[in-house]
> 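First, the structure itself, so that you have it in front of you.
Order of listing sets the numbers, starting from 1, for every ligand and every atom in it.
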Amino acid sequence: MLLGAIADDLTGATDLALMLSREGMRTIQTIGVPKAGLDLLDVDAVVVALKSRTNPAAEAVAMSLEALSFLQTAGAKQFLFKYCSTFDSSPAGNIGPVTEALMQALNTDLTIVCPAFPANGRTIYKGHLFVGDQLLCDSPMRNHPLTPMTDSSLVRLMAGQSQLKVGLVTRETVGQGASAVAEAFEAARSKGEEALVVDALTDADLRVIGEAAGGLTLITGGSGIALGLPANFRRAGLLRPAGDALAFSAPAGRSMILAGSCSEATRGQIRTAIDAGVPTLKLDPMAIAEGRFPVEDALSWALNQSARAPLIYSSAEPDEVKAAQSALGRERAGSLIEHFLAEIALGLRAAGVRRLIVAGGETSGAVVGALAPDALFIGPEIDPGVPWTLTLGQTEPMALALKSGNFGAPDFFLKAWDILP
Ligand SMILES: Nc1ncnc2c1ncn2[C@@H]1O[C@H](COP(=O)(O)OP(=O)(O)OP(=O)(O)O)[C@@H](O)[C@H]1O
Ligand SMILES: O=C(O)[C@@H](O)C(=O)CO
């Protein structure tokens with residue numbers, strides 16, 4: 001095992017596992033810290049998917065340290081803490097506290113902070129995070145139901161969330177290549193800087209940064225920062241040739257879509273599906289909270305549809321989300337819906353659904369937590385950052401596509417089925 005990664009949510013873990021697999025590492029994604037006995041003999045990278053992004057910071061730290069200890073025991077040589085490409089977090093954390101705790105546990109004095117993911121429009125310039133053409137704070141992320149992002153300065157965000165001394169490596173340095181970046185890391189280290197935000201505008205920048213980061217014990221960032229890491233292991237003669245990839249074959253059975261993401265991208269994908277005639281059921285958080293709409297009603301609606309893949313969603317516009325949150329509380333509204341969608345997923349599996357798309361990281365965490373596979377095998381890519389996966393360790397495997405809220409083209413819910421082998 002070469003690379004051990006800890007991801008703070010499930011769709012983020014899948015995004016990273018896809019990136020590593022595409023770059024030639026045999027990668028598996030585990031759901032939480034795996035039970036003893038998981039066979040890692042033929043694996044180059046393990047991504048442990050946690051659901052720690054919105055937990056209290058102390059809990060997120062404890063979960064991440066447990067994952068680290070598993071990865072250390074499994075023999076990982078380098079570690080990666082994967083968070084969202086939009087730096088989803090609250091002022092109390094969790095990116096800062098988890099990074100600090102991992103650095104301390106690994107006894108390392110320098111790491112990098114690089115959530116750039118150019119294929120999905122996330123770039124970093126002068127330490128500021130952009131989403132497409134907008135600064136993070138002007139993007140739809142300012143309305144996120146759980147982690148609204150109202151500052152775009154990664155240096156300020158990281159300094160606010162931790163005690164770490166935060167520095168910046170600018171695009172000018174990255175443009176000069178890997179040796180210049182590695183020198184900048186050493187110069188920062190000698191100034192006592194501990195967490196370096198690194199600018200990145202393109203995949204080529206990320207490969208340069210990845211090369212320069214070959215000697216760092218801990219790297220933090222989005223999936224993009226993993227682009228250049230497999231090449232380091234290959235150069236060192238540690239990465240075996242890819243060999244025959246396991247065949248991905250989706251189990252036969254019914255198909256469904258569940259969406260709990262309220263992101264602009266998911267709402268657009270829902271509109272496209274409705275326009276294309278996909279049958280949809282919109283959940284009302286108040287009806288769920290007041291017991292007026294039980295899981296059984298959602299299941300009987302779903303199972304009575306004859307269309308290929310009906311869609312159940314709670315996704316709502318920002319004003320509807322605010323109304324539900326002021327009636328129920330932000331966390332209660334979130335967990336109520338997550339739990340409801342997870343119960344639906346269990347009912348769907350019992351009724352023979354074997355192919356499922358889930359939209360939203362927290363939502364996917366709740367759904368996959370309920371379905372409880374040991375691990376996920378990464379299959380074909382639907383859109384950047386979103387592959388089909390196959391559940392491992394279960395007698396009735398399912399094909400799951402776990403879509404980060406903001407990812408995917410407008411026709412994601414339509415085209416995903418066409419690439420399923
Ligand atoms: N109508 C609603 N009102 C209030 N909260 C909602 C509503 N619908 C969904 N939610 C909650 O909003 C949160 C959405 O988070 P989730 O991580 O699933 O999506 P996302 O943030 O768009 O995706 P990602 O984390 O992959 O970027 C969940 O906790 C969900 O339960
Ligand atoms: O980095 C991203 O944007 C995603 O992998 C993610 O973490 C969304 O939850």
> Could you tell me if the ring centre of F79 sits under 6.0 Å from that of F81?
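When the ring centroids of F79 and F81 are compared, they turn out to be at least 6.0 Å apart.
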
> For ligand 2 and T86, I'd like to know whether there is a polar contact (N/O to N/O, distance under 3.5 Å).
no

> Hey, which residues fall under 4.0 Å of ligand 1 on heavy atoms?
D9, T11, R53, H144, P145, L146, G260, S261, C262, S263, P285, S314, A316, V321, A324, G334, I337, E338, G360, G361, E362, T363, S404, G405

> Pairing donors with acceptors under 3.5 angstrom, does anything connect the side chains of S404 and N406?
no

> Without placing hydrogens or testing angles, list every side-chain donor-acceptor pair under 3.5 Å for residues 255-264, not counting sequence neighbours.
residue: S261; atom: OG; partner: S263; partner atom: N; Å: 3.2
residue: S261; atom: OG; partner: S263; partner atom: OG; Å: 3.2
residue: S261; atom: OG; partner: T266; partner atom: OG1; Å: 2.8
residue: S263; atom: OG; partner: T266; partner atom: N; Å: 3.1
residue: S263; atom: OG; partner: T266; partner atom: OG1; Å: 3.1
residue: S263; atom: OG; partner: G405; partner atom: O; Å: 2.6

> Please determine whether a side-chain nitrogen of the Lys or Arg among E59 and K51 lies less than 4.0 Å from a carboxylate oxygen of the Asp or Glu.
no

> Give a yes or no on whether the backbone of L392 and the side-chain of D374 come within a donor-acceptor separation of less than 3.5 Å.
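No.
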
> Will you find, in the side chains of Y313 and T280, an N or O donor that is under 3.5 Å from an N or O acceptor?
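There is no such pair (donor and acceptor under 3.5 Å, judged by atom type) between the side chains of Y313 and T280.
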
> In terms of relative ring orientation, are F407 and F117 parallel, tilted or perpendicular, with 30° and 60° separating the classes?
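Because their plane-to-plane angle is over 60°, the rings of F407 and F117 count as perpendicular.
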
> I want to know if ligand 2 touches K82 in the polar sense, i.e. an N/O pair below 3.5 angstrom.
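Indeed, backbone or side chain, K82 has an N or O that close.
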
> So which heavy atom in the protein is nearest atom 3 (O) of ligand 2, and how far is it from that ligand atom?
S85 OG, 2.5 Å

> E194 and side chain to side chain contact (heavy atoms under 4.5 Å, CB included): which single residue from M103, E100, M158, Q163 fits?
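The passing option is M103.
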
> Considering only non-hydrogen protein atoms, determine which one is nearest to atom 8 (C) of ligand 2 and report residue, atom name and distance to 0.1 Å.
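I find the closest protein heavy atom is S404 OG, 3.1 Å.
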
